[in-house]
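Below is one structure; the comments refer to it alone.
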Amino acid sequence: MQDITKVGIFTSGGDAPGMNACIRAAVRTALYAGKAVTGIYHGYQGMIDGNFWEMNSRSVSNIIQLGGTILKTARCDAFRTKEGRQLAYDNLKAAGIDGLIAIGGDGTFTGAEVFSREHDIPVVCVPGTIDNDLYGSDFTLGYDTATNTVIEAIDKIRDTAASHDRLFFVEVMGRDSGCIALNAGIAGGAEAILLPEKNTAIEELCKMLEGAAKGNKSSTIVIVAEGEANGGAYHVAKEVKARFNFYDTKVTILGHLQRGGSPSSFDRVLASRLGFAAVRHLFAGANRVMVGLWGNEIRTTPLEEALGNKAFKLSEDMLEMMDVLSI
Ligand code: ATP
């Protein structure tokens, strides 16, 4: 057991739908146990600035359905320095905060890992990022909602693409992870998917498109993850157009709309379970761990292990299925 009297909660890195549901769960779990809770605005930057909010159970009313994060988020370079982390520690201590819940991605976890080794404030992390790229959880908060947003967009693009017999390139988020692209591509019936994990040459893509053209398809959609090797949707579209002039090509970059919106039921339930579990583990003595979903169980994984392993492994079976189903 760890004698925590006041829990500090913050969100950091990119925002993701479900962060608010997680804040709500963590705040109420701590209050239920008779502990005080402080919200820290703008992630690590808020620790350095002493930007704190004393929270009660009404502070998190009516937020379970909201996208974004009521605690705001930020990237903070000062926290990467020892001096910055010392300042953060001094402010947390002065506010009486003796345990932390961090909601964010791998950068946030790295900051938490370094900070909790240097200072005597334990940290439990919750995976919150639309990329679904964290080892230690089958799913991260926001991924399900973001993928559904992408599918909704693909469906709409399909309507107009089919009406004009067009070829669309739809760029989705994923600098290093193709998880959204692969799953949204399969669920949206895409003809081809370009992923950061797999180098697909333009010639190879053209072969796939040739097959689609021969199959008399009325529309063709190629999902392009932003981090794929050819340089993004505009570049790929230009290269394809240069080879297949008969195609009427269009590009749509989905961009930041993938981050927003009301979290899906899956993300709300996952957020509630992870927020609840994170606080319970913190009170039970956990430090430098993340909570995550394994099958249908919530488990902890040491941050060091989580950060040292790659999460999303491209499934060759899924890729083969994709080729078969898109004939
Ligand atoms: P996303 O996956 O959505 O990008 P993230 O948590 O990975 O989220 P980052 O911007 O990579 O987002 O990291 C968030 C913050 O964590 C950084 O702005 C910085 O303050 C802190 N951080 C990242 N790496 C380190 C590090 N090596 N040492 C200390 N702090 C770090």
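Residues: numbered from 1 along the sequence shown.
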### Query
Taking the side chain from Thr160 and the backbone from Ile157, do they hold a donor-acceptor pair closer than 3.5 Å?
no
### Query
Run the side chain to side chain donor-acceptor pair (under 3.5 Å) check on Asp120 and Tyr89 step by step: do they pass?
CA-CA 9 Å; Asp120 62 353; Tyr89 175 77; 2.5 Å; yes
### Query
Can Ser264 and Asp144 be said to form a side chain to side chain donor-acceptor pair (under 3.5 Å), step by step?
CA-CA 7 Å; Ser264 64; Asp144 183 67; 2.5 Å; yes
Distance only, no hydrogens: is a donor on one side chain within 3.5 Å (strictly under) of an acceptor on the other, for [X] and [Y]?
{"X": "Asn148", "Y": "Glu152", "result": "no"}
{"X": "Ser265", "Y": "Arg268", "result": "no"}
{"X": "Asp131", "Y": "Ser177", "result": "no"}
{"X": "Asp15", "Y": "Thr73", "result": "no"}
{"X": "Asn296", "Y": "Arg273", "result": "yes"}

### Query
With the threshold set at 4.0 Å, does a side-chain nitrogen-carboxylate oxygen contact exist between Asp98 and Lys6?
no
### Message
For Arg158, is there an ion pair with Glu191 - N to carboxylate O distance below 4.0 angstrom?
### Response
yes
### Task
Check the hydrophobic clustering (I, L, V, M, F, W, Y; side-chain heavy atoms under 4.5 Å; chains of links allowed) and say if Leu195 and Met173 are grouped together.
yes
#### Entry: Path from Tyr32 to Ile9 over hydrophobic side-chain contacts below 4.5 Å
no
What are the two closest heavy atoms between [X] and [Y], and how far apart are they?
{"X": "Ile4", "Y": "Gly99", "answer": "CD1-CA, 4.0 Å"}
{"X": "Ile223", "Y": "Ala190", "answer": "CG1-CB, 3.6 Å"}
{"X": "Gly13", "Y": "Thr108", "answer": "N-OG1, 3.9 Å"}
{"X": "Gln45", "Y": "Ala74", "answer": "CB-CB, 4.4 Å"}
{"X": "Gln65", "Y": "Ser262", "answer": "O-OG, 2.7 Å"}
{"X": "Ile154", "Y": "Gly188", "answer": "CG2-O, 3.7 Å"}

So, taking the atom named [atom1] in [X] and the one named [atom2] in [Y], what distance separates them when rounded to the nearest 0.5 Å?
{"X": "Thr301", "Y": "Asn309", "atom1": "OG1", "atom2": "CG", "result": "9.5 Å"}
{"X": "Ile193", "Y": "Met318", "atom1": "CD1", "atom2": "CE", "result": "8.0 Å"}
{"X": "Leu100", "Y": "His119", "atom1": "CG", "atom2": "NE2", "result": "11.0 Å"}

### Query
Ring centroid separation for Phe169 and Tyr234, is it under 6.0 angstrom?
no
### Task
Assess the pair Phe10 and Tyr41: is the distance between their ring centroids shorter than 6.0 Å?
no
### Task
Before giving the answer on side chain to side chain contact (heavy atoms under 4.5 Å, CB included), spell out for Thr149 and Arg259 the whole-Å C-alpha distance, their side-chain angles and the decisive distance to 0.1 Å.
CA-CA 9 Å; Thr149 300; Arg259 282 197 186 278; over 6 Å; no
### Query
After noting the C-alpha distance and the side-chain angles of Lys198 and Glu316, does the key distance pass the salt bridge (charged side-chain N to carboxylate O under 4.0 Å, His left out) rule?
CA-CA 10 Å; Lys198 188 174 189 285; Glu316 289 301 326; over 6 Å; no
### Task
Cation-pi check, Lys35 to Phe283: give yes when NZ or CZ is under 6.0 Å from the six-membered ring centre and within 45° of the ring axis, no otherwise.
yes
#### Entry: Derivation and outcome, side chain to side chain donor-acceptor pair (under 3.5 Å), residues Asp165 and Tyr247
CA-CA 8 Å; Asp165 300 326; Tyr247 264 126; over 6 Å; no
### CA sep, side-chain torsions, deciding dist, call: Phe115, Phe79, ring-ring contact (aromatic ring centres under 6.0 Å, His included)
CA-CA 9 Å; Phe115 177 81; Phe79 199 78; 5.8 Å; yes
### Intermediate values then yes/no, salt bridge (charged side-chain N to carboxylate O under 4.0 Å, His left out), Lys207 and Glu203
CA-CA 6 Å; Lys207 261 195 206 130; Glu203 301 310 331; over 6 Å; no
### Task
Please lay out, stage by stage, how Lys93 and Asp90 fare under the test salt bridge (charged side-chain N to carboxylate O under 4.0 Å, His left out).
CA-CA 5 Å; Lys93 272 287 177 197; Asp90 294 343; over 6 Å; no
